[in-house]
Amino acid sequence: MKSLDYLKEKISQIYFLIIFSILTLYIHDGYFDILRTKNNILIWSAFFYVIAISCIVIIEVGFDKISIKDFFEDFNIFDYCLLAFAAISALSTGLSKTPSFAFWGSDSCRIGSFTLILLCLSCILLSKYIKINKPMIAIMIICGMIVYIGCIIDCFDLDPLGWHENIAASHYDYLSTIGIRDNLDGFLALSLSFVVVLFVFENDIRFCIVYGIYLFFGFISLYIAKNDGNLLVFGGGIFLVYYMIREKADIKRAVYLLIILIASSLATEIICLFVEPVNVIGHSIMGMLLKYKWYIGLAVLSFILWMLRDKKAKPSYEKAWVVFSVVVIAVLFIVVIINFDYTFASNRAYIWSYGLETFMKSPPRTKLIGWGPDCYEYAIYSTVEERIMSSWPEPNHVANGHNEAIQYLVTTGLFGMIAYLSMYILSLSTKLKEKNVLGIAAKVAIFAYFCQALGTNPSSVNYGILFIMFAIVNRKKKEK
């Protein structure tokens, strides 16, 4: 039986490596072709992973002894939430007016019910069998570095392999091997946030240096690609500082992280003096901080360093940071409400309003289970097309919700959105054992991605990584 446990662990690790290497790095010369291929990689790797683990379990237990009770034996509330989300997606697809479209997904997102069901099932199995080791982290780091370097190259329109020109013919802002800016922002939220935590708590100085180099190029990618990443930096930063205080992180690491942030920001500013990037908007985040809000930034950084100054930090520091974060979020929310109009967030408020109006005008059954996964475009044009045609300020079609919560409210209904949000709430509220660095890293990544998802759309690459993060946080056998 130990050999079968070993086999399940190795198959889980292979799935992890496929998601972080093949799925992440695959690219060729056609925008929608790339999306289809990446989604097929995700679907079939998840499919064969679920089938392989299921077959091993059947061999292990015996076909005649398999029962439903055994399947649910060590389930927790998060697992039931995943099953609920998968079931609602399937039901929504079955009752959709476009079932084939809802099953496979659209050209732009490619996240249909088949993909969602496989992701939920694979997440349940990963939480039981995956074990993350340093070689796996190393491969993740190498693949992420390739993505970041590709992003920087694309931002300066260098295109050494001649692919960008062909991709740009169908979509102008495809960056690196990930996709459009929104997709890249989601990838940065997951990958940067995860490695920042590893950098802060890593004991091996060699890996710490590697993480530092990774973060340097990652922050340049974040700065230079677009400032949509403000949400992920803000959300991930709040959670990161909380755990740095709670786990009594070394203040030197906090200082080193700040140095990396400043160095990568200055490198970005210097590069932009000599080469004009084609895909950059505004200045780097640190550049904006130093130029416009240096006094606020200095106060916040001083507050953080003061709380980290003593390794025997008092619990009251945690509470102080939580209170501070809540106040900042409340102030930002009030400022947004006061200054809100439909052009907010690059016209995203228009799209959100179309989705909310579609939900309100939908029949009762559709309100509960939705129009079908990835059917946002069909739903809003079937319901509020006249308003879209008269008010939408851009020439392109509205294909997605640009807010995952609103997107699932429309496509999987109220039940689906509740299940979707519950996955985040349960993961972020999970109690971890002391110094469970991987769990903390995954939590920070999940929260950063959730903040970023308030303005972006789901994608195959990001969902493959996101559900692995869910599995790491909700592991049945916690890492020490």
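As a basis for the values below, the full set of heavy atoms in this structure was taken, side chains included, without hydrogen atoms, waters or symmetry mates.
Of the inter-residue distances, the one linking Asn462 atom CG with Leu188 atom CG reads 9.0 Å to the nearest 0.5 angstrom. Atoms CG and OG, on Leu17 and Ser45 in that order, are 11.5 Å from each other to the nearest 0.5 Å. Rounding to the nearest 0.5 angstrom, the gap separating the CG atom in Leu198 from the CG atom in Leu438 is 6.5 Å. One distance of note links CZ of Phe415 with CG of Leu368; it measures 4.5 Å at 0.5 Å rounding. The distance from the OG1 atom of Thr430 to the NZ atom of Lys443 is 5.5 Å, given to the nearest 0.5 Å.
At least one side-chain heavy atom of Ile465 sits under 4.5 Å from a side-chain heavy atom of Phe20. Using a 4.5 Å heavy-atom cutoff, the side chains of Ile11 and Ile56 are in contact. Between Pro373 and Thr93, the closest side-chain pair of non-hydrogen atoms falls below 4.5 Å. A 4.5 Å side-chain heavy-atom check between Trp371 and Ser382 finds at least one atom pair inside the cut-off. Taking the side chain as every heavy atom from C-beta outward, Phe467 and Cys120 approach each other to under 4.5 Å. Using a 4.5 Å cut-off on side-chain heavy atoms (C-beta onward), Leu421 and Tyr408 make no contact. You'll find the side chain of Asn403 stays beyond 4.5 Å of the side chain of Ile351, heavy atoms only.
Figure legend: cation-pi geometry between Lys134 and Phe207, with NZ or CZ positioned under 6.0 Å from the six-membered ring centre and within 45° of its axis.
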Kindly list each side-chain donor-acceptor pair under 3.5 angstrom involving residues 141-151, sequence neighbours excluded, with atom names and distances?
from, atom 1, to, atom 2, distance (Å)
Tyr148, OH, Ser191, OG, 2.7
Tyr148, OH, Tyr214, OH, 3.0

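Under 3.5 Å, the side chains of Tyr376 and Thr358 contain no donor-acceptor pair of N or O atoms.
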